[in-house]
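Source: prediction; values computed, not measured.
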Amino acid sequence: MTHVWRPFENDFEGRAEHFFFPYCLIHDSNTKKSELFSQLRETWNSFTPEKIVEHMTPYQAPFMSIDSKGEYIGHTEISLRLDRLVRLKRPSSTYPFVMALLHARKNENISDEQCLGMLDVLEAFLVRRAIVGFEPTGLHALFKGLWGELSNYSISEFKHFVSEKPTVQWPNDNELREAITTRSLAKTKICNYLLVEYDRSLPGDHPLSTPTIEHILPQSYETESRWAELFTKDQHKKLKDTWANLLPLSSPLNSSLQARPYSDKSQRYTNESMYITPRTVANQWEEWTVSSLEERRDALVNWAIERWPHSI
């Protein structure tokens, strides 16, 4: 079997062991991880080595697309959405659904419009949950057999299916607004993705490097500083880690700014930042006060609701 398995395995680029569970779930949504190998033996019972590889091959590229590569060869718009999901660090529970989706598109069983719609609503579902702070608990049960439950593969059907799952939460606009307003997002897994996606929504050239997170209002509160004249200690505690106070910056620039006054920071945002967001903030606000932060917060809330519009 080596002559057919080795080339197939090499194409996984070291990720082969993560392929088999979602592959099994596509064919039997009741498969349990503890029963994985017995399920594989049952599926491959009468298969030759060549037939085994032939059976798995159509799902290899879809797996790599959602697991690591974030691309769908020959289609820019689908690739854009897959790249977003990979950077979002989508839970692996979504793999069977996305793999089946891409397989169906490859075989022309669904249209581009249906595929793009499914990827968009999936991203909105995952991002809204991450912003509000819902753990991925329960998503395995949702996604393991979701593809087989759908018939017209529309956004409305996806939303209806999720709405019938009482244990699966999908934040509405008010919950999203509350989380962006009050939640400490700086140390969450979603933070970097939010900063990059917002930056990429602004006109201009966008760096491909991963930014560090800059706190405009510094993380530490110094009573003798200029910042203490603008923010009380309580305001500092509540606002410093909210999205409105965070910017993407390169590591060297971020490290050199630390707790410097906003007048110094804004000048260097303008002159030195490779990211558009810091330059835009510096251009829009001459001072960084509670009022400035609230204005930016409201703008981010409106942008997020428009960027990830789907909820139930």
**Item:** Check ion pair R105-D112 (N to O, under 4.0 angstrom)
**Value:** yes
**Message:** Whether E287 and R226 form a salt bridge (side-chain N of Lys/Arg under 4.0 Å from carboxylate O of Asp/Glu) is what I want to check.
**Reply:** yes
**Asked** Can you tell me how far the CD1 atom of I52 sits from the CD atom of E54, to the nearest 0.5 Å?
**Response** 11.0 Å
**Request:** Return the orientation label for the F47 and H55 ring planes: parallel under 30°, perpendicular over 60°, tilted otherwise.
**Result:** tilted
**Request:** Enter the distance from L102:CG to I110:CD1 here, rounded to the nearest 0.5 Å.
**Result:** 8.0 Å
**Request:** Working to the nearest 0.5 Å, report the span between CZ of R279 and CG of L202.
**Result:** 9.5 Å
**Asked** Would you call E175 and R183 a salt bridge, taking side-chain N to carboxylate O under 4.0 Å as the test?
**Response** no
**Pair Y269-E214, side chain to side chain donor-acceptor pair (under 3.5 Å): steps then yes or no** = CA-CA 11 Å; Y269 291 162; E214 151 76 345; 2.5 Å; yes
**Prompt:** Got W288 and V281 here, is their nearest side-chain heavy-atom distance under 4.5 Å?
**Reply:** yes
**Complete:** Partner of Y72 under side-chain contact (heavy atoms from CB on, under 4.5 Å), picked from E77, R81, K106, is K106
**Item:** N172 CG to E178 CD distance, which is reported to the nearest 0.5 Å
**Value:** 11.0 Å
**Prompt:** Would you find more than 12 non-hydrogen atoms of other residues, nucleotides or ligands less than 6.0 Å from R268 atom CZ?
**Reply:** yes
**Request:** Please say whether more than 12 non-hydrogen atoms of neighbouring residues, nucleotides or ligands are located less than 6.0 Å from NE2 in H206.
**Result:** yes
